[in-house]
Amino acid sequence: MMGRTQVSWTTACSSVSWTTLWSNFADGTIHDNADRGAIHDTRILFAGSKGFIGMELQAIREIVARHRHRPGAMLPILHEIQQVGGHLPATAIAIIAEALNVSRAEVYGVITFYADFRTEPPGRSIIQVCRGEACQAKGGCELEEHAKRSLGIDFHQTTTDDAVTLEPVFCLGNCACSPSVRVGDEVHGRVDATRFDELVAEAKASSGVGP
Amino acid sequence: MTVKVYVPCDTTAVSIGADRVAAQISAAAGSAGLDVMIVRNGSRGMFWLEPLVEVETSTGRIAYGPVKPSDVASLFASDFLRGGPHALRLGATDEIPYLKNQERLTFQRVGVIDPLSMEEYAAQGGWSGLQQAIVSAPAQIVAVVKESGLRGRGGAAFPTGIKWQTVLDTPADQKYIVCNADEGDSGTFADRMLMEGDPYCLIEGMIIAGLAVGATVGYIYLRSEYPRCWTTLNEAIRRCEAAGWLGKNVAGSNHAFHLEVRLGAGSYICGEETALLESLEGKRGEVRAKPPLPAHVGLFGKPTIVNNVITLATVPLLLARGGKFYADFGQGRSRGTLTLQLSGNIQRPGLIEKAFGLTLHELLYEYGGGSASGRPLRAVQAGGPLGAYIPTRDFDLPLDYEAFAQRGAMIGHGGIVAFDDTVDMRRMARFALEFCAEESCGKCTPCRIGSVRGVEVIDRIAQGEDRDKNLVLLESLCDTMQHGSLCAMGGMTPFPVQSALQHFPEDFER
Ligand SMILES: Cc1cc2nc3c(=O)[nH]c(=O)nc-3n(C[C@H](O)[C@H](O)[C@H](O)COP(=O)(O)O)c2cc1C
Ligand code: SF4
Ligand code: FES
């Protein structure tokens with residue numbers, strides 16, 4: 001679980017160290033204290049959510065507690081939990097709903113509205129290919145085809161070795177040097193098929209998977 | 001003596017190697033024992049020349065570009081630290097025609113200063129607008145904004161002064177300033193460049209807005225596609241708080257202003273101001289019916305100014321130089337400067353800040369240098385994914401809100417995307433509908449369902465199935481979307497589709 005590349009923002013306001021948290025998760029235990037019933041409910045709802053075992057409840061609670069009194073706390077909470085754990089496990093939904101005094105359906109409704117939020121763990125690297133018009137004007141469609149073909153997956157899918165999740169994105173603000181690709185938090189410009197393959201290889205290498 | 005070398009930290013410059021160039025320069029200077037200070041500035045916006053390296057010499061800043069890491073050794077060998085000759089030498093940065101011929105007002109400091117340096121910001125005119133605002137009555141501040149003729153740069157071009165007046169006139173215990181930094185339109189990057197290159201300017205504009213209407217809290221709603229802006233803005237806010245520009249007592253004025261950045265989550269519709277407010281409140285980004293206007297009932301039900309990044313970042317200049325100074329640029333009802341963003345299949349893509357009135361032709365050929373591929377240009381899309389496609393015969397159009405509107409086009413946020421003659425306009429029309437289907441908030445049927453049906457109809461046209469009948473159906477579908485949608489997402493998606501049909505019918509016959 002070490003070396004996931006999608007989490008690399010140094011947020012000025014985040015006090016959670018991502019590496020420490022992941023090393024805490026490594027034993028795979030859930031340190032559950034309260035509301036077991038609620039959690040079991042949602043676990044049924046998200047039976048397919050494989051990553052939630054690895055997410056420490058205490059970490060989720062700590063994040064929720066830190067943000068819950070801020071006005072409009074929902075998105076900051078969702079972002080930070082996902083930043084720390086890679087996705088939003090069912091357990092998190094129950095905890096957020098309780099803390100913000102809304103229904104779990106409401107939390108789930110927010111999560112599904114936004115393209116960024118995921119309830120399933122992604123691959124070790126998230127690669128976004130821009131579909132915007134400025135990228136299309138410089139071969140973006142061909143790049144998109146190449147990305148899907150070379151990785152053997154469609155958008156919103158993860159390679160079988162769990163190395164790469166491929167996502168579409170509508171503009172990275174990098175239109176002047178299109179076509180653009182984002183890997184983790186790095187944006188790359190003028191990406192052709194060769195450069196794309198290099199980026200995939202680099203992403204795999206930095207997340208500990210051979211080419 | 002220390003030599004200053006500028007290497008941009010702008011996303012686009014970095015996307016094509018600026019970090020590696022900076023590292024290479026640092027290493028080369030280190031091993032040669034030279035006293036070099038590398039400043040990471042914003043971009044000057046001449047992206048075909050990025051990574052653009054500038055050296056401060058006794059005769060001003062000298063530019064070299066585009067610089068690859070492998071060019072660095074030869075730059076040192078050519079004594080570039082003293083502006084020495086080299087194949088990549090471009091001369092004095094300010095004399096490069098692309099830059100020299102611009103009227104940089106809002107972007108006056110972008111690419112010039114170290115974005116986070118408080119000293120450089122102050123030395124280059126920063127905070128003088130705020131100082132002026134502090135000694136002015138709220139109504140006076142609003143009057144300056146009105147006099148300037150500034151209209152919203154986010155897309156709708158609504159007069160900023162009138163919006164501010166409405167919020168000023170609405171009594172409430174709490175008001176908010178919200179900066180729309182969602183910059184969702186493809187082909188636009190001015191907001192990003194400003195936030196990465198001169199963040200204090202945006203912060204200053206927001207504080208002034210707060211003083212003008214009596215708001216003590218501000219939010220910057222930033223799209224999550226901009227990680228560099230997130231880091232830069234948060235650091236800039238931290239430094240402003242430490243220096244007393246933000247907080248309980250702004251610069252000793254006895255006025256409070258607190259500012260926070262909030263992150264979007266990959267939704268285009270959250271750029272629409274009411275969807276944005278819903279999102280800030282922690283909900284699904286669904287569009288609200290208007291009225292009430294956000295100026296009356298906005299964030300958390302309170303009177304709220306929602307303005308685009310460029311709109312707010314222009315405000316300090318208005319206060320510092322006077323409304324008339326700004327209004328003297330431009331033409332007709334389009335006053336001041338427009339921050340154009342040129343991209344797509346174009347030789348010299350970049351940021352061009354010019355007074356309104358430049359024609360598309362001048363922009364595309366004199367600045368842009370024509371297509372990047374060398375093939376003839378065929379169309380441009382202006383104003384983002386909801387903007388019309390404009391054929392070459394309309395390139396005489398002056399960049400002016402009213403002139404564009406007259407021909408069924410819009411300037412929007414100022415993004416112009418160029419396409420050469422290999423573009424398939426049927427495919428672009430299909431994409432517009434597909435994008436709408438993907439990003440619709442789902443609140444109304446013409447947009448949510450119409451877009452999906454539109455894609456299907458175009459696919460049938462492509463298959464040659466009942467072509468004439470389906471073309472009529474597509475027109476009628478566009479009509480329904482345009483007139484039956486709650487917001488401009490569904491209401492304007494027909495523009496790229498109809499303009500493609502109207503100007504490039506041959507592409508629908510294949
Ligand atoms: C679908 C849609 C998307 C929009 N996206 C943006 C955006 O990304 N950024 C922006 O500033 N305005 C956007 N707007 C315009 C805003 O609704 C609003 O007019 C603007 O934020 C007001 O600020 P201004 O007056 O300074 O332009 C969008 C509007 C619509 C209908
Ligand atoms: S037009 Fe589309 S985006 Fe706008 S409110 Fe209706 S469904 Fe939502
Ligand atoms: S359209 Fe691809 S980066 Fe803007």
### Query
Short question: side chain of Arg192(B), backbone of Gly173(A) - any donor-acceptor pair under 3.5 Å?
yes
### Query
Do side-chain atoms of Arg284(B) reach the backbone of Gly109(A) as a donor and acceptor pair under 3.5 angstrom?
yes
### Message
Counting only non-hydrogen atoms closer than 4.5 Å, does Phe300(B) touch chain A with its backbone (N, CA, C, O), its side chain (CB onward), both, or neither?
### Response
side chain
### Summary
Between Gly184(B) and Cys171(A), the two heavy atoms sitting closest are O-CB, 4.4 Å
### Query
Does anything in residues 373-389 of chain B pair up under salt bridge (Lys or Arg N to Asp or Glu O under 4.0 Å), and if so which pairs, sequence neighbours excluded?
Arg375(B)-Asp421(B), Arg378(B)-Glu506(B), Arg378(B)-Asp507(B)
### Query
Any side-chain heavy atom of Gln136(A) within less than 4.5 Å of one from Gln381(B)?
no
### Query
When rounded to the nearest 0.5 angstrom, what is the spacing between CZ in Arg190(A) and OG1 in Thr12(B)?
9.5 Å
### Query
Do the side chain of His79(A) and the main chain of Gly264(B) share a donor and acceptor less than 3.5 angstrom apart?
yes
### Phe113(A): partners by ring pair (Phe, Tyr, Trp, His ring centres under 6.0 Å), with sequence neighbours left out
none
### Atom CZ of Arg427(B) with >12 non-hydrogen neighbours under 6.0 angstrom
no
#### Entry: Spacing of CG belonging to Asn174(A) relative to CZ belonging to Phe47(B), to within rounding of 0.5 Å
8.0 Å
### Task
Side chain from CB out, backbone as N, CA, C, O: work out which of these in Gln341(B) comes under 4.5 Å of a heavy atom of chain A, or both, or neither.
neither
### Task
Could I get the full list of side-chain contact (heavy atoms from CB on, under 4.5 Å) partners for Ser440(B), not counting sequence neighbours?
Cys447(B), Arg448(B)
### Query
Any side-chain heavy atom of Tyr219(B) sitting closer than 4.5 Å to one from Pro71(A)?
yes
### Message
Using 0.5 Å steps for rounding, measure from the CZ atom of Phe189(B) to the CG atom of Leu172(A).
### Response
13.0 Å
### Which portion of Asp10(B) sits near chain A, non-hydrogen atoms under 4.5 angstrom
neither
### Query
Taking every heavy-atom pair that is under 4.5 Å apart, which of Pro349(B), Gly285(B), Gly45(B) has the most such pairs with chain A?
Gly285(B)
### Message
Closer than 4.0 angstrom, basic N to acidic O: yes or no for Lys283(B) and Glu106(A)?
### Response
no
### Query
Between Glu260(B), Glu439(B), Glu281(B), which has the largest tally of heavy atom pairs under 4.5 Å with chain A?
Glu260(B)
### Query
Can you tell which of Gly384(B), Gly350(B), Ser343(B), Gly442(B) has the highest number of heavy-atom pairs within less than 4.5 Å of chain A?
Ser343(B)
### Part of Met193(B) within contact of chain A (heavy atom distance under 4.5 Å)
neither
### Query
Is there a side-chain contact between Glu225(B) and Val169(A) (heavy atoms, below 4.5 Å)?
yes
### Message
For the OG atom of Ser178(A) and the CG atom of Asn345(B), what is their distance to the nearest 0.5 Å?
### Response
8.5 Å
### Task
Could you pull out the closest heavy-atom pair between Ala418(B) and Ala137(A), with the gap in Å?
O-CB, 3.4 Å
### Query
Tell me, side chain or backbone of Val110(A) under 4.5 Å from chain B's heavy atoms, or both, or neither?
both
### Query
Given a strict heavy-atom distance threshold of 4.5 Å, which part of Leu351(B) is in contact with chain A: side chain, backbone, both, or neither?
neither
### Query
Looking only at heavy atoms, what is the nearest atom pair of Thr11(B) and Val187(A), with distance?
CG2-CB, 3.9 Å
### Task
Determine the minimum heavy-atom distance between Glu133(A) and Tyr389(B), stating which atoms define it.
CG-OH, 3.8 Å
#### Entry: chain A contact via Cys270(B) - side chain, backbone, both or neither, heavy atoms under 4.5 Å
side chain
### Query
What do you reckon, is CG of Asn101(A) surrounded by more than 12 foreign heavy atoms closer than 6.0 Å?
no
### Message
Under a 4.0 Å threshold between the charged nitrogen and the carboxylate oxygen, would Arg131(A) count as salt-bridged to Glu434(B)?
### Response
yes
### Summary
Value for CG (Leu280(B)) from CE (Met74(A)), rounded to nearest 0.5 Å, stands at 13.5 Å
#### Entry: Donor + acceptor pair across side chains of Tyr114(A), Ser279(B) (<3.5 Å)
yes
### Message
Please identify, among Cys177(A), Ser180(A), Ala73(A), the residue contributing the most non-hydrogen atom pairs under 4.5 Å to chain B.
### Response
Cys177(A)
### Query
How about Phe435(B) and Phe170(A): are their ring centroids closer than 6.0 Å?
yes
### Contact leader toward chain B among Gly132(A), Gly189(A), Pro76(A), where contacts are heavy-atom pairs under 4.5 Å
Gly189(A)
### Message
Report, in residue-number order, which members of residues 138-151 of chain A are under 4.5 Å from chain B by heavy-atom distance.
### Response
Lys138(A), Cys141(A), Glu142(A)
